[in-house]
Structures are given as structure tokens and as C-alpha cells.
Amino acid sequence: MAIAQEVVDFAVDAAQRAGQVTLQWYQQRSLAVSAKSDGSPVTEADYAAERLLRSEISAVYPDDTIWGEEEGVWAGRTGRTWVIDPIDGTKAFVQGVPLYATLLAMVDGRGPAVGVIALPALDECVWAGRGRGAYWNGVSCRVSDHAGLEGSYVCTSGLTYWPEPALERVRAAGARVRTWGDAYGYALVATGRAEAMVDPECFDWDVAPMSVIMAEAGGRFSDVTGSNDWRSGSAVGTNELIHEDLLACFSQTPSD
């Protein structure tokens with residue numbers, strides 16, 4: 001069953017406006033950076049973007065649950081949950097690199113139903129709604145038709161997260177591994193500019209929008225074991241054609 005178009009439109013508009021808020025701090029030398037309990041950075045921009053999204057969601061969908069990376073969970077009663085990552089790629093944002101994103105997803109009883117990747121510094125936005133297709137700046141988008149790991153572009157947020165045998169197999173197969181990571185990598189896959197994005201380790205809010213975006217763009221999303229659970233702690237988004245070959249690189253034991 002397709003999600004209501006008005007929900008998709010709301011999510012896209014809200015995520016883009018939250019992304020625009022982050023630009024007030026982007027490439028500012030006076031940007032204050034704090035460390036969270038896990039050592040990862042957080043800034044004023046993270047908090048401002050998340051608060052804007054919480055305010056917008058609660059005004060339009062007051063009984064929905066809201067779960068944000070920075071300010072936790074507000075429990076609703078509708079069975080629908082909005083998942084917020086105000087700045088995915090905060091380290092990039094702090095360094096003035098434009099590949100960070102504002103992420104917003106809506107999850108219902110059937111799983112992720114709406115996903116938005118807003119890339120404010122690049123003036124790009126990729127989104128999808130279940131049964132509504134995937135779009136890149138308002139134009140329908142689709143994954144590439146490249147088959148086979150050889151010559152494929154495989155994105156990742158960092159090579160240190162990979163099991164070394166898996167990385168060796170991917171490279172040996174002739175894939176071009178690039179650290180065009182975080183949400184930007186998934187945006188590249190959904191728009192046909194790369195064949196895969198791999199997160200051997202990730203948080204739920206990092207990938208909540210990705211399964212619906214991949215599916216609606218004609219691709220596939222799973223964790224590194226092949227499970228479709230977006231909350232498993234790992235993620236792989238592909239053009240579908242190389243998915244099984246890529247998963248096989250993770251499933252083999254070092255002695256295989």
C-alpha cells in the first residue's frame with residue numbers, strides 16, 4: 001500500500017528546511033564542537049536542525065513518535081515513528097566538507113515508508129515514499145544497470161570499519177572502493193552514480209531512510225548478512241545487480 005503523498009511532501013519540505021538551517025554554521029570558524037559520550041562530535045547546528053524537525057512533526061502529526069539522534073525519543077500512540085539524524089556526517093560538517101546530510105524517515109507497521117536525504121551544501125535532495133517512486137531534486141531517479149563487482153563503484157564511510165578479508169575480496173573482484181560515505185554514498189547509489197554503499201557498522205538513524213529509497217529506486221537494501229532489518233547495526237545499499245556478490249564477500253570465512 002502506497003504511503004500518502006502528503007506525508008512524503010511534508011517530509012521532503014521539513015528535511016530540506018532543516019538542512020538549510022545547518023548552513024548558518026557551515027564553514028564558520030567560530031563553530032563550537034562538543035563531544036558526546038561515545039566521543040563523536042555534536043554542534044549547535046545538529047541541535048538546531050533536530051529541534052526544527054521535532055517542532056514541525058509535532059505540529060502536523062502530534063500523536064506520532066519522534067526519535068532523534070541528539071534528543072532521544074518522544075513516545076506517541078499512532079504506531080508511526082519519525083527518525084531524525086539532523087547532521088549525518090558531523091565530522092565532515094565540522095571540517096567544512098559538503099558531503100553531510102540531514103536525514104528524515106517515517107516508519108510505520110510495514111517498515112520505513114518515507115526516506116529523505118537532504119544535502120544542503122550541495123543543493124541536492126534524494127527522497128522516496130513507499131509506492132511513490134524515488135526522486136532526485138524532483139526528477140525520478142533510478143539505480144545503475146552495471147552488473148558484476150568488476151568496475152563497480154563501492155562507497156563506504158571508512159575502510160577501518162571493514163573486516164580485512166571482506167575488503168580484500170571486494171578489491172580483488174575489481175570493484176573501485178571510494179570513501180564517498182555516510183548518507184551521500186546512498187544518494188549516489190539511488191541516482192545511478194555508484195553501484196553500492198556499505199556500512200559495516202552504523203546506527204539506526206544513519207540508515208532509517210535508506211531501505212525505502214533503495215527499493216523505490218530499483219535497488220536493494222540489507223545488512224551485511226542479507227537481512228532486511230535496518231536496525232541490525234550494518235547496512236548495504238546496492239543497484240540490486242551486485243548485491244549478492246557483495247554480500248558473499250562478507251559471508252566467507254577467512255579460510256574459504
Side-chain angles (χ1 to χ4, degrees), residues 1-22 46 48-88 101-120 122-143 183-184 186-187 189-191 202-222 228-231 235 237:
M1 181 177 178
I3 193 70
Q5 186 62 47
E6 64 184 26
V7 180
V8 180
D9 294 342
F10 164 81
V12 173
D13 179 66
Q16 288 184 304
R17 286 191 290 110
Q20 289 297 307
V21 166
T22 69
D46 293 83
E50 181 164 326
R51 286 169 183 166
L52 183 147
L53 284 169
R54 285 177 175 273
S55 175
E56 294 289 321
I57 295 165
S58 62
V60 178
Y61 303 105
D63 295 323
D64 286 2
T65 295
I66 302 174
W67 178 26
E69 177 183 3
E70 309 304 343
E71 297 190 351
V73 178
W74 183 89
R77 55 187 180 184
T78 64
R80 303 199 314 184
T81 299
W82 295 85
V83 185
I84 302 168
D85 189 344
I87 298 182
D88 181 66
T102 295
L103 303 182
L104 182 61
M106 193 278 283
V107 182
D108 62 15
R110 298 180 59 192
V114 179
V116 186
I117 304 170
L119 299 151
L122 298 177
D123 196 25
E124 292 188 33
C125 189
V126 177
W127 70 86
R130 187 176 59 224
R132 298 289 179 181
Y135 296 87
W136 176 21
N137 286 358
V139 178
S140 179
C141 63
R142 189 164 181 84
V143 296
Y184 183 61
Y186 294 99
V189 176
T191 56
C202 60
F203 293 105
D204 298 347
W205 47 77
D206 296 326
V207 295
M210 308 313 173
S211 63
V212 65
I213 291 175
M214 289 297 112
E216 293 294 322
R220 182 177 166 190
F221 178 89
S222 75
N228 294 329
D229 182 6
W230 60 278
R231 300 187 63 176

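Nothing here was measured: the structure is a model prediction, and the numbers come from that model. Positions are given from 1, in the same order as the sequence printed here.
Side chain of Ser222 to backbone of Asn228: no donor-acceptor contact under 3.5 angstrom is found. A donor-acceptor contact shorter than 3.5 Å is absent between the side chain of Ser55 and the backbone of Leu52. Listed for the Glu50 side chain is a donor-acceptor partner under 3.5 Å among the backbone atoms of Glu70. The closest donor-acceptor contact from the side chain of Arg220 to the backbone of Met214 lies at 3.5 Å or more, if one exists at all. When atom types are taken as modelled, the side chain of Glu216 and the backbone of Gly131 share a donor-acceptor pair closer than 3.5 angstrom. Of the possible polar contacts, none joining the Asp64 side chain to the Thr81 backbone as a donor-acceptor pair under 3.5 Å is found.
Between Trp230 and Trp67, the two ring planes are tilted [angle within 30° to 60°]. Classified by interplanar angle (parallel below 30°, tilted 30° to 60°, perpendicular above 60°), the ring pair Phe10/Tyr61 is perpendicular.
Crowding of Asp9 atom CG: a count of heavy atoms from other residues, nucleotides or ligands under 6.0 Å exceeding 12.
Inter-residue side-chain proximity for Leu103 and Ile117 is flagged as met; some heavy-atom pair is nearer than 4.5 Å. Residues Arg80 and Val7 are in side-chain contact: their nearest non-hydrogen atoms beyond the backbone lie under 4.5 Å apart. A heavy-atom distance below 4.5 Å is found between the side chains of Ser58 and Ile66. Put simply, the side chain of Leu122 reaches to within 4.5 Å of the side chain of Tyr184, judged on heavy atoms.
To the nearest 0.5 Å, atoms CZ (Arg142) and OH (Tyr135) are separated by 12.5 Å.
Applying the salt bridge (Lys or Arg N to Asp or Glu O under 4.0 Å) test to Glu124 and every residue at least two apart in sequence or in another chain returns Arg193.
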